[in-house]
Amino acid sequence: MRRANEHGPLLVVGSTGKTGRHVVERLRRLGEDVRPVSRSTSVRFDWFDEATWETAVSGARAAYLVDSQDENAGERMRAFAPFAVERGVERLVLLSARGWDDSGEPELLATENALKDSGAAWTILRPTWFMQGFTEDETLSAPVRAGELRLPCGDGLEPFIDAEDIAEVAAAVLTGGGHQETTYALSGPRALSMGEAVDTIAKATGRAIRYVPVSEEDYVAGLTAEGLPEEQARFVAKLFGWSSTGATLRLAIARTGRPRARPSGGRRYFEDRP
């Protein structure tokens, strides 16, 4: 194992994504040397092209990781994490998700388990649904633009979180002491039903948008009619269904050893966007 470079850059994998770009911005504001990588950055990183890994991790002292976001994520993390540790990356911070531990499906914890087995000083972040989902994920943003959001969430409550708040926690963990072998549950400051969230968007944007609760079966039928494979459609429906049961309702505060900025409110977030 190579000796860690205590002055080396902080690696951000998935640096152009919903959380990664905010992690990069926050670390730079802190004066840190940051190495942002993705499939489209100057230093290229691809979970499925191991030839890109060496340059990405070389000299880095810690890394923020967004996994490959597919069924191969656990296997890819199990290959990459020890690769990074062997090359001197001492701390790995993984973006995971709330609900995985209560899902009853061990495969959803595959990336977390790979991180824990890597030999790194690991930290796992488990946030709730992102506010950015309404503006950046086609599953939510396209229906919102069309004026009607149909989901199998019922009247369940979800404490949506702003990706900038996730980035603040990630930056504190990457640059501060402690946090090893720790899992942080992250949420927004207030739990909203999907109907309340849609009303907030409508009021903030001045547009007519409505939420229509549907059954999981009807939702799956709608997704498959649009061309999504049934297995994937059922998984998406299950994720939204957790909101209907309150599976991700717990409100959490991450104790990172630093003062936290006031968490972003949903209305303020949407008022700042067209």
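Just so it is clear, the model here is predicted, and its values are computed rather than measured. Throughout, numbering of the chain's residues begins at 1 and tracks the sequence. Below, each value reflects all heavy atoms present in this structure, side chains not excepted, and no hydrogens, waters or symmetry copies.
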Exercise. Is there a side-chain contact between Thr16 and Arg39, using heavy atoms and a 4.5 Å cut-off?
Worked result: no
Exercise. Taking NZ, NE, NH1 and NH2 as the nitrogens, is one of them in Lys116 or Glu181 under 4.0 Å from a carboxylate oxygen of the other?
Worked result: no
Problem set entry | Leu174 CG to Leu30 CG distance, which is reported to the nearest 0.5 Å | 10.0 Å
For this session: Using the salt bridge (Lys or Arg N to Asp or Glu O under 4.0 Å) rule, take Arg26 and Glu164 through it: C-alpha gap first, then chi angles, then the decisive distance, then the call.
Result: CA-CA 9 Å; Arg26 185 163 291 276; Glu164 291 192 23; 5.0 Å; no
For this session: Locate the shortest heavy-atom distance separating Gly74 from Ala110; write the atom from each residue and the value.
Result: CA-CB, 3.7 Å
Exercise. Can you tell me how far the CD atom of Glu112 sits from the CG atom of Leu95, to the nearest 0.5 Å?
Worked result: 10.0 Å
Exercise. Looking at Phe160 versus Trp129, is the centre-to-centre ring distance below 6.0 Å?
Worked result: no
Problem set entry | Path from Val34 to Val169 over hydrophobic side-chain contacts below 4.5 Å | yes
For this session: Answer yes or no: are there more than 12 heavy-atom neighbours, outside Asp117 itself, under 6.0 Å from its atom CG?
Result: yes
Seminar exercise, completed: Arg126 and Ala97 have their tightest heavy-atom pair at CG-O, 3.6 Å
Exercise. Does Val220 belong to the same Ile/Leu/Val/Met/Phe/Trp/Tyr cluster as Met194, with side-chain heavy atoms less than 4.5 Å apart forming each link?
Worked result: no
Problem set entry | Side-chain heavy-atom pair Leu151, Tyr219 within 4.5 angstrom cut-off | yes
Problem set entry | Thr128 side chain near Glu158 side chain, heavy-atom distance below 4.5 Å | yes
Exercise. Ile201 versus Val144: any side-chain heavy-atom pair under 4.5 Å?
Worked result: yes
Problem set entry | Shortest non-hydrogen contact from Ala191 toward Glu196 | O-OE1, 4.2 Å
For this session: Would you indicate whether the side-chain heavy atoms of Val37 and Leu11 approach each other to under 4.5 Å?
Result: yes
Problem set entry | N/O donor-acceptor pair under 3.5 Å between Ser118 side chain and Leu115 backbone | yes
For this session: State whether a side-chain donor-acceptor pair under 3.5 Å links Thr19 with Tyr64.
Result: yes
For this session: Rounded to the nearest 0.5 Å, what's the gap from OG on Ser215 to CZ on Arg150? Could you check?
Result: 9.5 Å
Problem set entry | Heavy-atom check, side chain of Glu138 versus side chain of Arg145, under 4.5 Å | yes
Exercise. Considering residues, nucleotides and ligands other than Arg210, do more than 12 of their heavy atoms fall under 6.0 Å from its CZ?
Worked result: no
For this session: Decide yes or no on side chain to side chain contact (heavy atoms under 4.5 Å, CB included) for Asp33 and Leu10, but give the supporting numbers first.
Result: CA-CA 6 Å; Asp33 181 10; Leu10 296 172; over 6 Å; no
For this session: Not counting sequence neighbours, which residues clear salt bridge (Lys or Arg N to Asp or Glu O under 4.0 Å) with Asp46? List them please.
Result: Arg44
Problem set entry | Verdict with supporting geometry, Asp137 and Gln132, side-chain hydrogen bond (donor to acceptor under 3.5 Å, both in side chains) | CA-CA 7 Å; Asp137 285 344; Gln132 281 76 3; over 6 Å; no
For this session: Supply the atom-to-atom distance Leu92 CG to Trp122 CH2, rounded to the nearest 0.5 angstrom.
Result: 11.5 Å
Exercise. Is any side-chain heavy atom of Val214 less than 4.5 Å from a side-chain heavy atom of Val212?
Worked result: yes
For this session: Tell me, with the steps shown, if Arg76 and Glu50 meet salt bridge (Lys or Arg N to Asp or Glu O under 4.0 Å).
Result: CA-CA 10 Å; Arg76 292 288 77 200; Glu50 296 187 15; 3.0 Å; yes
Problem set entry | Stepwise salt bridge (Lys or Arg N to Asp or Glu O under 4.0 Å) check, Arg29 with Glu168 | CA-CA 11 Å; Arg29 288 201 297 270; Glu168 182 177 355; over 6 Å; no
For this session: Under the side chain to side chain contact (heavy atoms under 4.5 Å, CB included) rule, what do Ile209 and Phe134 come out as? Steps first, then yes or no, please.
Result: CA-CA 12 Å; Ile209 311 169; Phe134 291 103; over 6 Å; no
For this session: Could I get the full list of ring-ring contact (aromatic ring centres under 6.0 Å, His included) partners for Trp47, not counting sequence neighbours?
Result: Phe45, Phe80
Exercise. Taking 4.0 angstrom as the limit, do Arg21 and Glu136 come out as a salt bridge?
Worked result: yes
For this session: Would you indicate whether the side-chain heavy atoms of Phe83 and Val57 approach each other to under 4.5 Å?
Result: yes
Exercise. Could you state the interatomic distance from CZ (Arg61) to OG1 (Thr175), rounded to the nearest 0.5 Å?
Worked result: 8.0 Å
Problem set entry | Test log, rule side chain to side chain contact (heavy atoms under 4.5 Å, CB included), inputs Val66 and Val13 | CA-CA 6 Å; Val66 178; Val13 173; 5.6 Å; no
Exercise. Should Leu228 and Leu140 be counted in the same cluster of Ile, Leu, Val, Met, Phe, Trp and Tyr side chains packed under 4.5 Å apart?
Worked result: yes
Seminar exercise, completed: Residues Ile161 and Gly188: closest non-hydrogen pair is CB-N, 3.7 Å
Problem set entry | Closest heavy-atom pair and its distance - Arg35, Ala56 | NH1-O, 2.7 Å
Problem set entry | Straight-line distance of Leu125 CG to Thr182 OG1, nearest 0.5 Å | 10.5 Å
Problem set entry | Minimal non-hydrogen separation, Val24 against Ser15, with atom names | CG2-CB, 3.9 Å
Exercise. Does Arg234 pair with Glu216 as a salt bridge, N-O distance under 4.0 Å?
Worked result: no
For this session: Given side chain to side chain contact (heavy atoms under 4.5 Å, CB included), test Tyr184 with Ile124 step by step and report yes or no.
Result: CA-CA 6 Å; Tyr184 289 122; Ile124 294 168; over 6 Å; no
